[in-house]
A.B. asks: 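Quick one: structure below, then a few questions.
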Amino acid sequence: DLTLAMSQSGCPVVAGGQCTVTVTPRYSGDVPTNPSFTVTLPGNVSPVGGAVNPTGWSGCSWAGQTLACTTWTGTGTPGVDRPMGSVTFPVTSSVPDTYTINGVIDSGAQTEADNTNNTAQVPVTFQPATSNVTIAKSGPVAPYNKFTRGATISYTVTLRNAAPNNVPYAQLLQFTE
């Protein structure tokens, strides 16, 4: 019986950023002889540079939006919930939204005890780049008549981005008093 699990790290992220997806196949029962799995990305999500980092798998490659891993290089012993390595890859999207990445594992010619656990899904969220810039000034308090003409008065100006995501403020900020 093969199972497939998927997870992500690094999301949510600002659109154009990267999340890492991890695919983790496992088996129970006899050692699988010819397993393979595929992962399909939705249309607005793409793999970053075609990168794939397999552990225990070879023959992993991208064809458009689909990653196919065709050769499990591991060996095992019969048992329950036995690991078969993992495969990680970075994904990105320039379109803000939450997307679902789908995976399916195939046992080849072997009979499956339970086909209901052969698929997995993982959501990845790419947020719009937003900023919420605030500015605060602090300095001496009134009464101002204690200052002499030509005296130096120091102020502190603090700029903050209170946006829900960590987007650098990349525009000209003009402060006029």
Side-chain angles (χ1 to χ4, degrees), residues 1-132 161-168:
D1 180 36
L2 299 177
T3 62
L4 192 67
M6 294 173 62
S7 61
Q8 61 80 17
S9 61
C11 280
V13 67
V14 174
Q18 297 180 21
C19 300
T20 299
V21 175
T22 300
V23 182
T24 309
R26 300 180 79 80
Y27 72 92
S28 291
D30 292 334
V31 178
T33 55
N34 194 21
S36 63
F37 68 86
T38 57
V39 175
T40 304
L41 305 180
N44 287 329
V45 177
S46 58
V48 177
V52 179
N53 300 305
T55 302
W57 290 83
S58 66
C60 293
S61 62
W62 287 100
Q65 299 298 104
T66 301
L67 171 67
C69 290
T70 57
T71 306
W72 177 46
T73 58
T75 58
T77 57
V80 176
D81 200 26
R82 306 288 296 172
M84 297 174 68
S86 64
V87 175
T88 63
F89 54 90
V91 296
T92 189
S93 177
S94 60
V95 181
D97 206 344
T98 296
Y99 301 95
T100 300
I101 297 174
N102 296 294
V104 62
I105 192 164
D106 184 9
S107 62
Q110 285 180 293
T111 303
E112 273 286 323
D114 179 4
N115 285 328
T116 63
N117 55 6
N118 289 18
T119 62
Q121 297 180 328
V122 64
V124 291
T125 301
F126 298 91
Q127 298 175 330
T130 59
S131 59
N132 180 6
N161 182 1
N165 46 40
N166 191 18
V167 178

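If you're wondering where the values come from, they're calculated on a predicted model, not measured in any experiment. Below, each value reflects all heavy atoms present in this structure, side chains not excepted, and no hydrogens, waters or symmetry copies. Counting begins at 1 with the first residue of the sequence.
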A.B. asks: Which pairs, with at least one residue in residues 69-78 and sequence neighbours excluded, count as a salt bridge (Lys or Arg N to Asp or Glu O under 4.0 Å)?
C.D. replies: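 Sorted result for residues 69-78: empty, none.
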A.B. asks: Only counting residues at least two apart or in another chain, list the ones meeting ring-ring contact (aromatic ring centres under 6.0 Å, His included) with Phe37.
C.D. replies: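 ring-ring contact (aromatic ring centres under 6.0 Å, His included) check on Phe37 returns Trp57.
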A.B. asks: Does anything in residues 20-51 pair up under disulfide bond (SG atoms under 2.5 Å apart), and if so which pairs, sequence neighbours excluded?
C.D. replies: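 Every pair satisfying disulfide bond (SG atoms under 2.5 Å apart) with a residue in residues 20-51: there are none.
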A.B. asks: Provide the full list of side-chain hydrogen bond (donor to acceptor under 3.5 Å, both in side chains) pairs with a residue in residues 36-55, sequence neighbours left out, each pair given once.
C.D. replies: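 Counting only pairs at least two positions apart or across chains, no side-chain hydrogen bond (donor to acceptor under 3.5 Å, both in side chains) contact touches residues 36-55.
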A.B. asks: So which heavy atom on Pro25 is nearest to which on Gly85, and how close?
C.D. replies: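 Heavy atoms of Pro25 and Gly85 come nearest at CD-O, 3.5 Å.
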A.B. asks: With sequence neighbours left out, which residue pairs that include part of residues 65-74 fulfil the salt bridge (Lys or Arg N to Asp or Glu O under 4.0 Å) condition?
C.D. replies: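 Qualifying pairs: none.
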A.B. asks: Please list, chain by chain and in numerical order, all residues satisfying side-chain hydrogen bond (donor to acceptor under 3.5 Å, both in side chains) with Asp1, sequence neighbours excluded.
C.D. replies: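 If we apply the side-chain hydrogen bond (donor to acceptor under 3.5 Å, both in side chains) test to Asp1, skipping adjacent residues, the hits are Asn117.
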A.B. asks: Would you list the pairs meeting salt bridge (Lys or Arg N to Asp or Glu O under 4.0 Å) in which at least one residue belongs to residues 45-57, sequence neighbours left out?
C.D. replies: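 Listed by first then second residue: nothing to list.
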A.B. asks: Identify every side-chain donor-acceptor pair in residues 94-104 under 3.5 Å, counting partners at least two apart or on other chains, and give the distances.
C.D. replies:
from: Thr98; atom 1: OG1; to: Thr125; atom 2: OG1; distance (Å): 2.9
from: Tyr99; atom 1: OH; to: Val95; atom 2: O; distance (Å): 2.8
from: Asn102; atom 1: OD1; to: Gln121; atom 2: NE2; distance (Å): 2.8

A.B. asks: Ignoring hydrogens and geometry, is there a side-chain-to-backbone donor-acceptor pair from Gln110 to Thr33 under 3.5 Å?
C.D. replies: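 Flag set: sc Gln110 to bb Thr33 pair under 3.5 Å.
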A.B. asks: Name all pairs fulfilling the disulfide bond (SG atoms under 2.5 Å apart) condition that reach into residues 16-59, sequence neighbours left out, sorted by first residue then second.
C.D. replies: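 Listed by first then second residue: Cys11-Cys19.
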A.B. asks: Taking all non-hydrogen atoms of both residues, which atom of Val39 and which atom of Trp62 are closest, and how far apart?
C.D. replies: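 Shortest heavy-atom contact: O-CZ3, 4.5 Å.
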A.B. asks: Strictly by side-chain hydrogen bond (donor to acceptor under 3.5 Å, both in side chains), give each pair with a member in residues 13-28 just once, sequence neighbours left out.
C.D. replies: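 Qualifying pairs: Arg26-Asp81.
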A.B. asks: Kindly indicate whether the side chain of Val91, heavy atoms from C-beta on, has any atom under 4.5 Å from the side chain of Leu41.
C.D. replies: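 When only atoms from C-beta onward are counted, Leu41 and Val91 do touch, with a gap below 4.5 Å.
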A.B. asks: Using a 3.5 Å cut-off and no angle test, enumerate the donor-acceptor pairs between side-chain atoms of residues 63-79 and protein atoms at least two apart in sequence or in another chain.
C.D. replies:
from: Gln65; atom 1: NE2; to: Pro42; atom 2: O; distance (Å): 2.9
from: Gln65; atom 1: NE2; to: Val45; atom 2: O; distance (Å): 2.4
from: Thr70; atom 1: OG1; to: Gly59; atom 2: O; distance (Å): 3.3
from: Trp72; atom 1: NE1; to: Met84; atom 2: O; distance (Å): 3.4
from: Thr73; atom 1: OG1; to: Gly56; atom 2: O; distance (Å): 3.0
from: Thr77; atom 1: OG1; to: Arg82; atom 2: NH2; distance (Å): 3.2

A.B. asks: Could you pull out the closest heavy-atom pair between Val21 and Met6, with the gap in Å?
C.D. replies: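 In this case the closest contact between Val21 and Met6 is CG1-CE, 4.1 Å.
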A.B. asks: Determine which pairs satisfy salt bridge (Lys or Arg N to Asp or Glu O under 4.0 Å) with at least one residue from residues 31-56, sequence neighbours left out, and list them in order.
C.D. replies: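 Not a single pair qualifies under salt bridge (Lys or Arg N to Asp or Glu O under 4.0 Å).
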A.B. asks: Decide yes or no for Pro54 and Cys60: does some side-chain heavy atom of the first lie under 4.5 Å from some side-chain heavy atom of the second?
C.D. replies: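 Pro54 reaches Cys60 side chain to side chain.
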A.B. asks: Rounded to the nearest 0.5 Å, what separation is found between the CG atom of Leu4 and the CG atom of Asn118?
C.D. replies: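 Going from the CG atom of Leu4 to the CG atom of Asn118 covers 8.0 Å.
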